[in-house]
Amino acid sequence: MACHKALAEATELNIFAAVPHSPWHRASDENSHGLIRRFLPRGTDLSQYSQEQLDAFESMFNTLQ
């Protein structure tokens, strides 16, 4: 995000950058990561899943929220 100011001006969007190591600034991200980790623990080898399985997981995850 080195050019976030230029991007914000060009798109007329407000851009928020969370402070590193401050998870309370991005609570929804932290919640999402927790939900993902229930199904895919850290270190899981994703190559053991087919693309169809990963797509099904993605669809299920996106409907949980």
Side-chain angles (χ1 to χ4, degrees):
M1 294 297 298
C3 299
H4 72 278
K5 289 182 182 179
L7 176 65
E9 291 173 5
T11 60
E12 298 182 6
L13 293 174
N14 293 324
I15 296 178
F16 172 78
V19 178
H21 308 292
S22 302
W24 56 89
H25 286 192
R26 35 183 219 287
S28 63
D29 288 349
E30 293 297 316
N31 183 52
S32 296
H33 295 164
L35 292 172
I36 291 170
R37 293 290 177 225
R38 287 184 189 175
F39 297 96
L40 300 171
R42 189 174 303 275
T44 299
D45 180 6
L46 297 180
S47 68
Q48 66 182 334
Y49 297 97
S50 69
Q51 186 60 53
E52 292 78 21
Q53 290 172 309
L54 293 172
D55 290 345
F57 170 74
E58 176 187 16
S59 178
M60 179 189 65
F61 176 74
N62 286 333
T63 59
L64 286 175
Q65 299 178 356

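Every value quoted in this text rests on a predicted model; they were computed, and no experiment measured them.
Residues L40 and F57 share a closest heavy-atom pair of CD1-CE2, 3.7 Å. Of all heavy-atom pairs spanning Q48 and D45, the tightest one is CG-O, 2.9 Å.
We find the CG-CE distance between L35 and M60 to be 9.5 Å, quoted to the nearest 0.5 Å. With rounding to the nearest 0.5 Å, the separation of CD1 in I36 from CZ in F61 is 4.0 Å.
Following chains of ILVMFWY side-chain contacts shorter than 4.5 Å, one cannot reach L7 starting from L13, and the two form parts of different hydrophobic clusters.
Of the possible donor and acceptor atoms, one in the side chain of N62 sits under 3.5 Å from a partner among the backbone N and O of E58. Of the possible donor and acceptor atoms, one in the side chain of S32 sits under 3.5 Å from a partner among the backbone N and O of S28.
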